[in-house]
Every structure is written in structure tokens, then in C-alpha cells.
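A short worksheet on the structure shown next.
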Amino acid sequence: MKIPIGGVCEPGTTIANKTGGWRTYRPVYDYEKCIKCKLCELLCPDMSVFPKEDGYFQFNYDYCKGCGICANECPKSAITMVLEEK
Amino acid sequence: MKQLFVSGHRGCAGCCDAMAAKFTLMGAGEDCIVVSPTGCLEVMTTPFPETSWNVPWIHSLFENAAAVASGIEAALIAMGKKGNTRVVAIGGDGATMDIGLQAISGAFERGHDFTYVCVDNEAYMNTGVQRSSGTPFDASTTTSPVGKVSFGNQRPKKNMPAIIAAHGSPYVATTSLGYAKDMISKVKKATETPGPTYIHCHAPCTTGWGFDTSKTVEIAQMAVKTGLWPLFEMENGEVTKVRKIGKAAPVEDYLKMQSRFKHLFSKEGGAEEIAKIQAIADKNIEYYGL
Amino acid sequence: MTPKGDLKMDKMVVVEGSYAVAHAVKVCRPNVISAYPITPQTHIVEDLAKFIADGEIQNCECINVESEFSALSALVGSSAVGARSYSATTSQGLELMHEVLFNVAGMRLPIVMTVANRAVSAPINIWNDHQDAISQRDTGWIQLYGENIQEVSDMTAQAFKIAEDKDILMPAMVCMDGFILSHVYEPLVMLEQDLTDEFLPSYEPLNILDPKKPLSFGAFADPNYYTEFRYMQQKAMTNALKKIEDAADEFYDLFGRYYGGLIDEYQTEDADIILMAMGSIIGTIKDTIDKLRQKGVKVGLLKVRAFRPFPAEAIRKAVKDAKIVVVLDKNISLGLNEGALFTETKSCLYNTSNHVPVVGYMIGHGGRDIRMSTIENIISEAQEVMKSGIKVESQFTDLREELL
Ligand SMILES: Cc1ncc(C[n+]2csc(CCOP(=O)(O)OP(=O)(O)O)c2C)c(N)n1
Ligand code: SF4
Ligand SMILES: [Mg+2]
């Protein structure tokens with residue numbers, strides 16, 4: 001890498017920084033309970049919840065910091081936080 | 001949909017500033033230029049050579065975001081490049097209500113076509129939770145600590161939306177991380193309204209307020225439900241829409257969730273202090289007809 | 001030696017210095033102007049506002065900001081969008097900009113700003129000295145000082161050309177002595193539009209804020225990177241040394257006017273005594289030299305046009321045969337009791353084989369009139385030093401002892 005003049009940064013590049021390692025608790029998702037309300041995707045401060053083709057969700061553990069907002073807000077308790085085993 | 005704000009930023013787990021940035025961009029869309037003053041959001045999203053932004057973004061200083069935004073807008077107009085491109089500043093409560101107030105006043109008075117979003121986490125988080133003029137009454141911060149003779153911050157929040165409205169802004173709205181869709185639609189409306197528009201977002205900070213990382217949204221909602229954070233819209237200086245809260249929750253329900261207020265429940269005289277905070281909520285409920 | 005070309009007398013008009021500068025700015029086709037009024041810079045912004053009001057500057061927005069801090073901050077935004085951006089200020093206004101000055105240079109935004117040099121408060125004083133700009137010498141701005149309104153006017157176009165050069169991309173201040181130049185009416189050739197269009201191509205930024213290519217500007221750099229950012233800025237300043245000379249030469253080729261490059265020399269060839277100074281005092285010094293030359297005093301002048309980047313090499317060359325160098329400074333570093341040009345001139349001769357004595361005089365603070373007789377005294381003191389060595393290295397000039 002060479003520092004560009006003025007130090008401009010290319011867009012979306014923090015993607016190189018996998019923050020998943022920060023996690024203490026891991027969200028575990030129960031397909032059965034999910035009603036596809038999309039709240040988890042909407043609220044995630046780390047953009048780590050992605051919709052799948054079928055409208056259900058998938059967690060990106062590369063970035064999920066385990067904050068637990070999704071689990072706390074899920075109206076159907078479809079997400080539980082379990083201790084991360086390292 | 002293209003992610004305009006991406007993963008990998010260094011915000012705390014459950015970070016309010018990250019959520020606010022995400023919602024702002026969902027409302028503003030891709031065709032915008034973002035200005036961030038110094039603060040948590042700026043620091044955590046742009047450690048050189050990386051950036052979390054997928055829209056053009058600039059940080060200059062702590063106190064000048066509105067002036068930088070003015071210059072961007074003026075340049076786009078001068079060079080015939082304005083089109084539908086929206087200039088959006090996203091600043092913390094310190095950057096907005098304290099050190100950057102003059103530049104904001106100037107930009108709103110001059111009538112630049114831009115939107116300013118204040119992400120109000122009620123203290124200077126980036127430097128370690130010092131009080132700002134957005135810090136609420138009796139909150140303990142590192143520069144308004146609880147002590148033998150103090151209940152914490154001795155001043156109520158500055159009424160920033162009213163200050164902006166007094167500048168003749170066509171659209172001013174309060175919002176909250178507890179109501180993501182409310183925020184997204186208000187940002188959208190603000191960015192679609194010509195002229196200088198303002199969104200003030202209440203943003204609970206897990207680290208600065210002292211609550212579990214999973215509670216950012218819940219606490220934000222509770223502030224609204226108590227009447228401590230009224231959600232409203234103002235058009236050309238008049239309150240035009242208010243979010244009704246029905247039977248208000250007692251302020252205790254909100255205060256007890258956060259360690260910055262825990263002294264109110266342990267210290268002698270705490271009940272009287274809580275009553276003062278309840279009075280603030282009651283006044284809001286009456287004034288805005290919540 | 002100056003002037004390489006003759007001024008075309010038929011093109012000359014008599015206007016105020018501020019008007020000449022405002023006209024020059026207009027001719028440089030700026031996109032965004034953002035400034036805040038302060039004496040003695042006001043006439044420049046007023047004249048520009050009138051041009052705008054009369055529709056005389058195309059594709060340009062003028063922002064009437066609420067402070068100098070915002071004036072320059074707005075230009076951070078405009079320049080980052082790719083706009084040619086201009087401001088003007090002085091004294092308190094320049095000091096208020098301090099934090100933004102660093103920021104502009106760090107982001108490599110080639111903003112050009114006229115500084116109508118004025119003393120700084122307290123005590124508040126609206127008259128000329130160089131304390132304001134000198135206090136900003138480490139902010140990463142190119143600093144050029146003009147001798148008269150013709151030079152300052154022409155320097156404006158040169159400054160844009162230097163600042164916007166791809167090998168440089170650093171902001172530039174064009175310094176003109178407040179009142180002495182900003183408010184003087186003198187005959188000059190107003191900067192020519194057709195020639196300027198040829199001289200100054202439109203600004204081609206390397207990177208801009210653009211939704212189609214969404215770059216981030218102003219990231220924070222940790223200790224792994226910060227040093228290299230600084231190094232790159234210094235390298236750009238070094239590149240500017242040649243570019244300032246080139247711009248002066250190219251300007252001469254097109255316009256037929258020349259005032260020196262990094263420095264200019266007057267009667268230095270055989271001079272034992274070389275005076276050094278910047279700005280409008282140059283005229284007084286030249287007159288004094290003319291007078292003393294008739295009496296056989298071998299005295300010459302080294303005019304410094306570029307204070308940043310510092311023209312160390314050019315100075316070393318110019319003083320190589322001098323027997324004494326006398327530096328006049330309209331500023332003081334309090335606690336050092338020296339003016340900046342003096343300190344830096346000494347330092348650029350240290351570690352060389354040239355051990356010429358260098359003495360400094362701080363002069364003209366807060367607009368104190370500088371007479372030829374004062375310069376003559378300084379020169380006769382220099383003759384003493386040549387004989388018997390330095391007794392006082394640096395001193396105030398024309399102190400009114402009776403007030404102390
Ligand atoms: C002129 C200046 N003063 C002080 C600071 C230190 N500083 C940086 S960020 C910050 C607080 C930011 O608070 P806020 O705007 O509320 O944003 P937050 O970090 O809370 O999201 C302070 C005091 C600075 N960078 N510049
Ligand atoms: S301190 Fe608060 S605002 Fe700052 S990164 Fe952490 S959660 Fe976000
Ligand atoms: Mg804050």
C-alpha cells in the first residue's frame with residue numbers, strides 16, 4: 001500500500017477488519033420461530049444480519065460483535081445469545 | 001440493497017452512533033455527500049486506510065461540520081453538479097450543541113440546502129463520557145460526577161430543535177434509535193425538503209450510559225415512553241406532528257436501566273431528584289400533547 | 001534582475017491594492033469564495049461581492065460566513081468537491097483559522113488566501129506587521145510575500161498555479177502588507193484575463209467527493225501512518241521550491257512581468273552588506289540603497305518572496321560573498337527576542353562554510369513607520385559590526401525609550 005495524497009480511503013474498506021473476534025455471546029437463530037419481520041437485519045449496528053433468498057436470515061459471524069440487540073428486540077424470541085466457545 | 005455503511009467499524013458492541021449512521025444513510029440514499037465532525041462516529045469508522053462509508057465522506061474538525069457542508073453545497077451549485085445530490089452532516093451532541101453551534105447557526109441562517117443529523121448520545125463519548133449541553137439533568141458523567149454534594153449534571157438538556165427552528169428551518173424533527181423506521185422516514189423527508197433541515201436523534205450509548213449492549217433500542221424506546229424524549233416534527237417553526245405515547249411510563253422505569261442515574265436510587269434525596277426529572281417529562285407531555 | 005520585462009505603460013490604471021487583488025481573484029475564475037470581513041482585508045471581499053452581485057464571476061458562489069473559522073472550513077468542503085476556492089483575511093481572523101489551516105494542508109487542498117498582514121492583539125492594532133502570518137508558518141501553507149500591488153496581484157495567479165500543481169497540492173497564502181498595500185492607490189497593470197486563462201489551467205483535482213466514486217477524506221492516522229503524511233507534506237513543500245521559480249518564469253514569459261522567484265536580489269553582486277526583508281519595506285530599502293550606493297556604500301538587498309517553503313539554498317547562494325547579513329523582521333518570537341526570518345536565515349547558514357555574521361532587527365511592529373533614516377542607521381551599524389564584530393545579535397528598532 002502507498003499512502004495516496006491527502007490520505008483518501010477507498011469505500012467500504014473496514015470490511016477487512018473482522019470484528020467477530022470481539023464476541024462473548026453468539027446469536028443463535030431459530031428458523032421455526034422467525035416471522036421474517038426483518039427487525040434483526042434493520043437494527044444490527046454491525047450490518048451482520050443478512051436476508052436469505054427464502055426471506056429468513058443468516059448471521060455473519062465474521063463481524064457480529066455479539067451485542068445482543070437482535071435477540072433483545074426479536075418479537076418472537078427467535079434469537080438466543082449463547083456463550084461463545086473459543 | 002447496497003450497504004452504504006459497512007461492517008468492520010470499531011464502534012462498541014451495540015453502538016448507537018453506528019445505528020444512527022446506518023439509519024441516516026437508509027433515509028438519505030446513495031446520492032449524498034456526508035460530513036462528520038470529530039467524535040466516536042468519525043473515529044470508529046475511518047481508521048486510515050480503511051473507511052466504513054460507501055458514500056463520499058469527509059471529516060475536517062470537531063466544530064466545523066456545518067461550515068464544511070456549506071462549502072460542499074456551494075461548490076456543487078457553482079460547478080453545476082448539484083443535481084439531486086444531498087449534503088448530510090452527521091454530528092454528535094457535543095459537535096452540534098456545543099462547539100459547532102456557531103457554524104450550524106451560520107449554515108442554517110444562510111439557508112444552505114443540506115440536512116444536519118445530530119446523534120445525541122448525551123455526552124462527549126469519544127473523549128470518555130464528559131458532559132455536554134445535551135447531557136440530561138442529574139446524569140453522572142466524568143465531568144459532572146456524582147459526589148457527596150452533587151447529583152451529577154445540574155442543567156437540563158439544551159433545546160436544540162427549538163434553536164434550529166428559530167432559524168426558520170423548513171423541517172426539524174426529533175427521532176430516536178428506538179424507532180428505526182421513524183428515523184429513516186424523517187431523514188428521507190428532511191433530505192427531500194429543500195433548504196437547511198434538521199434531525200435530532202436520541203441515541204443511547206451503552207458505554208457512556210452504562211447498560212447492557214443489547215438494550216440500546218429498548219432504552220431509547222423507554223425515553224420516548226416516559227415523555228423525556230418527545231418525538232415530533234416541525235415545519236417552518238410550527239409543530240406539525242407528534243408521536244402520542246398514551247399512558248406515560250414513570251421516569252424511574254427509564255432511569256433505573258442506566259448506571260449514569262443509579263445514584264438517584266441509592267443516595268439520600270434521590271426521590272426528590274427523580275421527582276424533578278418526572279416534572280421535566282410531565283412538562284414535555286403537556287407541551288407537546290404526548 | 002528585476003524587472004526582466006518593462007511594464008506596458010499603456011495598460012496601466014490607478015486602482016486601490018485591494019481592488020487589484022479582487023480583480024486578480026476574479027480573473028483566476030474561482031468557484032467558491034468564502035471570507036469574513038476584517039480590517040484591512042475588507043475592501044477585497046467587498047469588491048469581490050460587488051463582482052458577484054454584478055454577475056461578473058461565472059460559476060462562482062460567494063459564502064458570507066459567520067466567522068473566519070467557518071470561512072476556511074467551508075473551503076475545506078468546496079475544495080474537496082474540486083472547486084477552485086479562495087479566501088482573504090488577516091490578523092485576528094487568520095489566528096482564528098489556525099486549526100483549520102493545519103487541516104487544509106493535511107488534506108492537501110490547494111486553497112489560495114490573501115493575507116492583508118496586520119498586527120495581532122493585545123493590544124489590538126489594525127496596522128501592518130507580519131506577526132499574523134509568521135505565527136502560522138508551521139501550518140503547511142506556502143507563504144508568498146509581495147512588495148507592491150502589482151506583484152501581489154500577479155502573485156495571486158502564481159499562487160493558484162503553484163498550489164494546484166499535482167506535485168504540490170498545498171494551500172498558499174499571498175501576503176500583502178495591510179493598509180500599506182491593501183489601501184494604496186498605485187498605477188498597475190490589472191491581471192489580464194486572456195493571459196491568465198493561458199497561464200492558469202482549470203483545477204484538476206486528484207480526488208474529489210463524488211457519489212459516483214465515494215472516497216473518504218480526513219480519516220485518522222495512527223502512529224503507523226502519521227509520520228508518512230507529514231513527510232509527504234514536506235516533500236510537497238520541497239517540490240514547491242522549484243515550482244515557485246518556474247511559475248515566476250512562466251509568468252514572465254507570458255505577461256512580461258517578473259519580481260523574482262523564491263527570492264530577488266538588488267545590488268547584491270558586489271555587496272558587502274546584504275539586507276534581507278519581505279513585503280512593502282522592500283521599496284524603502286531599495287531607495288535607501290540607491291542613496292547609499294551613490295556614497296559608495298556597497299550595500300544590496302535580498303528580497304524574500306517565499307517564506308514557506310523556506311528558500312535556504314537560494315539564500316545561501318545570494319549571501320555567499322557578503323561580509324554581513326542584516327535581517328529585518330516585522331515580527332518577533334517572544335522569548336527568543338528574534339524575528340523569524342532572522343532565526344531561519346542564521347540556521348540555514350549554520351553547518352556551512354559560510355560564517356558571515358548575521359544580525360537581526362525587529363521593525364515596524366503594529367504599523368510603526370519605517371523611515372529611510374532608520375534603514376540608514378541600521379546599515380551604518382552593520383558597517384560597525386563588519387569592523388568590530390557583533391555586539392547585539394538581535395534587537396528592536398526605533399524603540400521609544402522615553403515610554404519605557
Ligand atoms: C477543538 C477540539 N476540542 C476538543 C476535541 C476533543 N474531542 C474530540 S471528540 C470530542 C467529543 C465528541 O462528542 P460528541 O460530539 O457528543 O460525539 P460522540 O463521540 O459522543 O459521538 C471531543 C471533546 C477536539 N477534537 N477538537
Ligand atoms: S462509546 Fe458509545 S458512541 Fe462511542 S463507539 Fe462506544 S457505543 Fe458507540
Ligand atoms: Mg455525544
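Please read all numbers here as calculations on a predicted model, not as lab measurements.
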Measuring from atom [atom1] of [X] to atom [atom2] of [Y], what distance do you get when rounded to the nearest 0.5 angstrom?
| X | Y | atom1 | atom2 | value |
| --- | --- | --- | --- | --- |
| B:Asp212 | A:Met81 | CG | CE | 9.0 Å |
| A:Leu43 | B:Lys22 | CG | NZ | 7.0 Å |
| B:Cys12 | A:Asp46 | SG | CG | 10.0 Å |
| B:Gln3 | A:Ile15 | CD | CD1 | 7.5 Å |

I want to check something: taking the side chain as every heavy atom from C-beta on, are [X] and [Y] in contact at a cut-off of under 4.5 Å?
| X | Y | answer |
| --- | --- | --- |
| A:Ile69 | B:Met19 | yes |
| B:Val6 | A:Met47 | no |
| B:Ser7 | A:Lys18 | no |

Is atom [atom1] of [X] surrounded by more than 12 heavy atoms (other residues, nucleotides or ligands) closer than 6.0 Å?
| X | atom1 | answer |
| --- | --- | --- |
| B:Lys188 | NZ | no |
| A:Lys36 | NZ | yes |
| B:Lys189 | NZ | yes |
| B:Asn84 | CG | no |
| A:Tyr25 | OH | no |

Restricting to non-hydrogen atoms, name the atom on [X] and the atom on [Y] that form the minimum distance, rounded to 0.1 Å.
| X | Y | value |
| --- | --- | --- |
| B:Glu50 | A:Ala16 | OE2-CB, 4.1 Å |
| B:Cys15 | A:Pro45 | O-CB, 3.7 Å |
| B:Ala13 | A:Cys67 | C-CB, 3.6 Å |
| A:Trp22 | B:Arg10 | CH2-O, 3.5 Å |

Proximity breakdown for [X] and chain B, heavy-atom pairs closer than 4.5 Å:
| X | value |
| --- | --- |
| A:Met1 | side chain |
| A:Cys64 | neither |
| A:Glu73 | side chain |

Exercise for review: Name, in order of residue number, those residues of residues 56-63 of chain A that have a heavy atom at a distance of less than 4.5 Å from a heavy atom in chain B; otherwise write 'none'.
Suggested key: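 At a heavy-atom separation under 4.5 Å, chain B is reached by A:Tyr63.
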
Review point. Between B:Phe48, B:Trp53, B:Trp57, B:Phe5, which residue shows the highest count of heavy-atom pairs closer than 4.5 Å to chain A?
Key: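 Among the listed options, the one with the most contacts to chain A is B:Phe48.
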
Review point. Do A:Lys65 side-chain atoms and B:Gly11 backbone N/O form a donor-acceptor pair below 3.5 Å?
Key: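 Yes, A:Lys65 side chain to B:Gly11 backbone: donor-acceptor pair under 3.5 Å.
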
Review point. Within the distance-only criterion (no hydrogens, no angle test), does the side chain of A:Thr13 pair as donor or acceptor with the backbone N or O of B:Thr51 below 3.5 angstrom?
Key: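 Side chain of A:Thr13 to backbone of B:Thr51, a donor-acceptor pair under 3.5 Å: yes, one is there.
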
Exercise for review: Count the heavy-atom pairs under 4.5 Å between each of A:Cys9, A:Gly68, A:Gly7 and chain B, then report the option with the highest count.
Suggested key: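 Going by pairs under 4.5 Å, I would pick A:Cys9.
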
Practice item. Go through A:Thr19, A:Leu42, A:Asn17 and name the one with the most non-hydrogen pairs under 4.5 angstrom from chain B. Key: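 When all of A:Thr19, A:Leu42, A:Asn17 are compared, A:Asn17 has the most.
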
Point to revise | Proximal component of B:Thr46, with respect to chain A [non-hydrogen, under 4.5 Å] | key: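 Contact with chain A: none, neither part.
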
Point to revise | Toward chain A, the part of B:Ile58 with a non-hydrogen atom under 4.5 Å | key: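 Neither; nothing under 4.5 Å.
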
